[in-house]
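Inspection log for the structure reproduced underneath, given as structure tokens.
Excluded from the calculations below are hydrogen atoms, water molecules and symmetry mates; all remaining heavy atoms, backbone and side chain alike, are included.
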Amino acid sequence: MMQSMRLSWNRTRLVPLVAALSLWSAALGGCATTPASAERALPAAAEVRVDFTADGITHVAAQGDAGVAGRPVTLDDPARVASISKLVVAIGAMRLAEQGVLDLDRDVGLYLGWPVRNPAFPDAPVTMRALLSHQSGLRDSVDYIVPLDGELSGVIANPKAWDAAHPPGGYFSYANINSPVIAAVLESATGERFDRLMARLVLTPLGLDACYNWGAGCSEGRRAQAVTLLRPNGDLARDAAMKGPDPCAVYPATNGSCDVDALYVLGRNGSAFSPQGGLRISARDLAKIGQLLLRQGAPLLSKKSFAEMTAPVWTFNGSNGDDDKGYFTAYGLGVHWLEDNAGHRWFGHVGEAYSLRAGFWINPAQGKGFYRYVTMVDEFSPVGHCFDRCPW
């Protein structure tokens, strides 16, 4: 038997998050929430799973609809995988570190040209290592989604964005806000836009038809194949069914414009392509990333870089972090570690947003892994790792 799922969730954190995500979804062009019609049958929730080894796929299962009644979901339909996106970003960051472009222990403000400091600890620098391992001190107590023409520096300057009780580098608390800062640092270090950088570093070399917020990396027409994410009652959550490109896959500018080329400034926003959760990728393609992890990073990472990325940077000792009622016990650079009831250790990541729940898990000792997701999950359903099951 695998480890049983967590049965509770901090509702005080989830309610404002759900409200913010609902407003964001409504603001996205072509993605306004549409009430479910009582006169039509709801699509069946999608349930997809793929099991794999380093050598190939060993089992697949796909049932339900891809968010549209009568359109069966398949292993090749791209879906927004939520926080699993963070693990893929970490692979890109490790590639840059291996190339000497990025120093994981350097003050990130030196890359950005603007300070990233906790006002309560102004002399303590924040590093990429701290950001990737959720030990930066940043907290999701402010809105980290920045308008297309906005600047992340203003968000970071708000004392409410920080944990005033703990300096960076030694205390774990999972926070999405780390990801836009990471993306801005990657852009500043390379001079490349985040979506294009991730395509160059990770997605394209692996032959994946995948992208962040429908940016670089996805083929023409890929948007039309997306799994539409629905609430349990059929209301639209994200990625409305459409035939052409998404007219506004990013958070619009303050004037409503979605002209990324004209308004987006490298190293100033970081959130436009949703590094924290905006990866669109099929189950088949995510399995290829899983196979890379089972090959200890080959062909993109050296064994040394892979080991540095996946080794737990933080392990809960009872007082050195917010374990969220036992949900988090160990975390590396963009990877979450857990242990099943048989004592086997797995690393990977969970995904939970827009009524999708997902789990992407690797067992290095046994040489196997799997990815699974379900859609149309109640936002207040217990959050789980989607390990031995997904919440329903």
Item to complete: Please determine if D261 and R193 form a salt bridge, counting it only when a charged side-chain N lies under 4.0 Å from a carboxylate O.
Response: yes

Discussion item. Under 4.0 Å between a side-chain nitrogen and a carboxylate oxygen: does that hold for D77 and R71?
Written reply: yes

Going by heavy atoms in the side chains, are [X] and [Y] under 4.5 Å from each other?
X: P245; Y: R223; result: no
X: R231; Y: Y354; result: yes
X: L131; Y: V126; result: yes
X: M94; Y: L201; result: no
X: I57; Y: R284; result: yes
X: F52; Y: I362; result: yes

Worksheet item: Linking I/L/V/M/F/W/Y whenever their side-chain heavy atoms sit closer than 4.5 Å, directly or via other members, would L236 and V68 fall into one cluster?
Response: no

Item to complete: Let me know which of I145, D140, D143 forms a side-chain contact (heavy atoms from CB on, under 4.5 Å) with I177.
Response: D140

Practice prompt. Look at the aromatic rings of Y174 and F328 and report parallel, tilted or perpendicular, splitting at 30° and 60°.
Written response: parallel

Item to complete: Kindly assign one of parallel, tilted or perpendicular to the pair W337 and F347, based on the angle between their ring planes and the thresholds 30° and 60°.
Response: tilted

Worksheet item: Distance only, no hydrogens: is a donor on one side chain within 3.5 Å (strictly under) of an acceptor on the other, for T329 and E339?
Response: no

Worksheet item: With distance as the sole test, does S173 use its side chain to make a donor-acceptor pair with the main-chain N or O of D322 at under 3.5 Å?
Response: no

Discussion item. Looking at D340 and A342, would you say the former's side chain and the latter's main chain have a donor-acceptor pair under 3.5 Å?
Written reply: yes

Fill in: Passing option when D239 is tested against R280, R80, R222 for salt bridge (Lys or Arg N to Asp or Glu O under 4.0 Å)
R280

